[in-house]
Amino acid sequence: MFGLVDCNNFYVSCERVFQPRLEGRPVVILSNNDGCIISRSAEAKALGLKMGDPYFQVKEQLRREQVQVFSSNYTLYGDMSRRVMHYLGASVPGVEIYSIDEAFLDLGGLEQRLTPYLGNLTDLAQRLRVGVKARTGIPVCVGVAPTKTLAKLANRLAKKDAGLGGVLYLDSGARRAWALGQVPVGDVWGVGRQYAQKLTAAGIDSAADLSRVSEAWARKFLGGVVGARLVRELQGYPCAGLAPSEDGTLHRQSISCSRTFGRPLREQASVLGAVSAFVARAAEKLRRQGDLAHVLTVFVSKNRFGPAADAGSGHSRSAVLTLPVPTSDTRELTARAAQLLARLWEPGAVYVKAGVVMAGLEAPGGQQLGLFGEAAPLAAGAAGEGRSAQMMAALDGLNARFGRGTVQLAAALGPKGGGPVPWQGQAAWRTPAYTTRLEDLMIVK
DNA sequence: TCTGGGGTCCTAGGACCC
DNA sequence: TCTGGGGTCCTAGGACCC
């Protein structure tokens with residue numbers, strides 16, 4: 001049996017924890033660069049504001065309706081997320097962190113172990129909900145069902161129907177059938193815009209309808225094996241297990257960093273500065289995960305909304321490099337990224353965004369084995385790697401202690417003589433890092 | 001003027017190998 | 001005339017997720 005815990009309007013909820021005056025009022029959080037709406041309170045949703053609405057398009061409405069607007073504060077959200085996940089991890093046998101605001105729970109066999117005193121899985125889910133709220137201030141809903149897909153569906157209903165008290169357990173065939181009938185096919189986990197269109201055109205409107213299509217049909221029209229699994233999961237046959245997240249962190253298979261610039265850039269030096277800063281950030285994440293990258297990608301994008309951007313595609317170009325030796329050294333990665341950027345560069349072009357992706361991640365050590373598994377005789381190289389690791393550890397230590405960007409490569413610095421960094425974007429309404437910066441600690445007088 | 005960022009998995013096709 | 005069948009790796013692209 002799976003549980004799915006989902007934080008309600010997570011980013012808004014995080015802000016509300018530290019600003020109780022926001023309770024009951026419409027609140028939205030904006031994406032990086034204050035570009036789009038990415039989190040909305042229930043009151044904001046009721047005003048018709050949509051996920052992804054560009055800020056400049058709804059600016060007037062926000063002002064008129066006195067909506068409280070905030071830039072995103074990922075330092076705060078990340079820390080709040082850790083607290084929620086830690087509590088969940090301490091409360092049930094297995095937790096898979098699915099995203100910053102969602103976690104799957106392993107509730108297998110738990111029903112049998114619950115005593116009359118402890119109650120059933122609904123009671124357990126209810127206790128978790130109350131516990132998270134009491135310890136972190138974050139409201140959550142819980143869905144419980146025999147498959148992940150059904151747990152997501154149950155969670156969705158628990159969130160929508162206030163009468164359920166934030167928890168829904170699909171404990172019988174009858175209840176599952178009822179739940180499937182409640183949910184439009186486009187709201188099923190794994191059905192996006194394209195598939196929803198295809199499905200409704202075929203007369204499949206609800207999750208219940210979708211649960212009745214044949215496997216062959218699902219394979220043909222819903223992306224092959226993915227679609228087949230999706231339908232099986234709706235029928236109650238689990239196709240995915242729980243992958244517990246060790247020590248409360250998420251291990252990723254690729255790590256990236258990308259940003260839309262504060263303003264369009266046409267000078268290669270400026271874009272190189274941005275790319276260097278992105279490499280530094282991504283390499284930091286890479287080292288925190290304890291991995292080396294074998295594959296490096298750099299991409300640059302032109303404005304995809306401009307008049308020239310017909311057909312929508314072709315606004316982005318990327319270059320990929322398989323590194324001779326996997327690394328997490330910012331200096332090595334920056335040099336390689338600069339080469340890739342030079343390869344991509346179109347003179348005269350105007351770029352609005354760039355990014356780097358590190359993939360082919362592996363733990364140190366494994367890559368040095370020779371053909372027959374023996375340690376390769378790379379004494380000099382190994383010593384070099386030791387020095388590199390020491391240097392990077394020192395870099396990370398200083399930046400952790402004195403703030404991000406205290407020590408960085410010259411390539412990632414802004415223009416000489418200070419002034420605004422050309423690639424840095426807007427964050428006009430960012431709240432303090434209440435929980436992670438001593439200077440930002442809330443003082444209660 | 002202004003339209004996010006960071007992920008996952010799967011498929012298909014080509015090159016190359018034995 | 002006949003035109004294998006595995007396998008790998010790589011790239012590009014598509015769809016989805018929060």
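Just so you know, these numbers come straight off a predicted model, no measurement behind them. Within every chain, numbering begins at 1; the chains are lettered A, B, ... in the order of the sequence lines, protein sequences first and strands thereafter. Keep in mind that the numbers below use all heavy atoms, side chains included, and drop hydrogens, waters and symmetry copies.
- Inter-residue side-chain proximity for A:E15 and A:N73 is flagged as met; some heavy-atom pair is nearer than 4.5 Å.
- At the phosphate of C:dC17, neither OP1 nor OP2 sits under 4.0 Å from any side-chain N or O atom of A:K152.
- As judged by a 4.0 angstrom heavy-atom cut-off over every strand, A:I255 is placed among residues touching the sugar-phosphate backbone only.
- If you take CG of A:N32 and P of B:dG6, they are 7 Å apart, rounded to a whole angstrom.
- Between A:S258 and the phosphate of B:dG6, there is a side-chain N or O to OP1/OP2 separation shorter than 4.0 Å.
- Residues A:V185 and A:D209 have side chains not in contact (no heavy-atom distance under 4.5 Å, counting atoms from C-beta outward).
- Per the geometry, OH belonging to A:Y77 stands 17 Å off P belonging to B:dG4, to the nearest Å.
- With B:dG4, C:dC17, B:dG6 as the candidates, the nucleotide lying closest to the side chain of A:K285 is B:dG6.
- Between A:R304 and the phosphate of B:dG4, there is a side-chain N or O to OP1/OP2 separation shorter than 4.0 Å.
- When each of B:dT3, B:dC9, C:dA15 is scored by its nearest atom to the side-chain atoms of A:Y195, the top-ranked nucleotide is C:dA15.
- Residues A:L409 and A:R331 meet the side-chain proximity criterion, which asks for heavy atoms closer than 4.5 Å.
- Classification of A:E233 and A:K152 as a salt-bridged pair fails, no side-chain N sitting under 4.0 Å from a carboxylate O.
- At the heavy-atom level, A:V188 lies under 4.0 Å from the strands shown only through sugar-phosphate atoms.
- For C:dT8, the paired base is B:dA15 (Watson-Crick or G-U wobble, both distances below 3.5 Å).
- The pair A:K159-A:E102 fails the salt-bridge criterion, with no side-chain N (NZ, NE, NH1 or NH2) lying under 4.0 Å from an Asp/Glu carboxylate O.
- Using a 4.0 Å cut-off, some side-chain N or O of A:R229 falls inside it from OP1 or OP2 of B:dC10.
- Put simply, OH on A:Y74 is 7 Å from C1' on B:dG4, counting in whole angstrom units.
- Atom NZ of A:K148 is separated from atom C1' of B:dT8 by 12 Å (rounded to the nearest Å).
- Checking C:dT11, B:dT11, B:dT3 against the side-chain heavy atoms of A:V225 singles out B:dT11 as nearest.
- The distance from atom CZ of A:F299 to atom P of B:dG6 is 8 Å, rounded to the nearest whole Å.
- For the pair A:I138/A:R83, no side-chain contact is recorded, criterion being any heavy-atom separation below 4.5 Å from C-beta on.
- Where A:H251 and A:T260 each meet DNA chain B at their nearest nucleotide, the meeting point lying more 5' is that of A:T260.
- A gap of 26 Å separates the P atoms of C:dC2 and B:dC16, to the nearest Å.
- Within the 4.0 angstrom heavy-atom criterion, no nucleotide atom of any strand lies near A:R219.
- Taking only side-chain nitrogens and oxygens, A:K353 comes nearer than 4.0 Å to OP1 or OP2 of B:dG5.
- One atom, CD of A:Q197, and another, P of C:dG14, lie 16 Å apart when rounded to the nearest Å.
- Between the CG atom of A:D187 and the P atom of C:dC17 there is a distance of 10 Å, given to the nearest Å.
- Residue A:R259 is classed as a sugar-phosphate contact, given heavy-atom separations below 4.0 Å to backbone atoms only.
- Within the nucleic acid shown, A:Y55 has no heavy atom closer than 4.0 Å to any nucleic acid atom.
- Residues A:D34 and A:S256 both approach DNA chain B. Their nearest nucleotides, taken by heavy-atom distance, put A:D34 toward the 5′ side.
- Within a 6.0 Å radius of CD in A:E246, other residues, nucleotides and ligands contribute 12 heavy atoms or fewer.
- The NZ atom of A:K220 sits 16 Å away from the C1' atom of B:dT11 (whole-angstrom rounding).
- Contacts of A:V191 with the nucleic acid, taken as non-hydrogen atoms under 4.0 Å apart, involve only primed sugar atoms and P, OP1 or OP2.
- Closest contact between the side chain of A:I38 and the listed nucleotides B:dG6, B:dG4, B:dC2 involves B:dG4.
- Nucleic acid contact for A:Q426: none, since no nucleic acid atom lies under 4.0 Å from a heavy atom of the residue.
- Among the protein residues, A:Y98 comes within range of the sugar-phosphate backbone only, with heavy atoms under 4.0 Å from sugar or phosphate atoms but none that close to a base.
- Here A:F305 counts as stacked on B:dT3: its ring centre is under 5.5 angstrom from the base ring centre and the planes meet at under 30°.
- When heavy atoms are screened at a 4.0 angstrom cut-off, A:S254 is found touching the sugar-phosphate backbone but no base atom.
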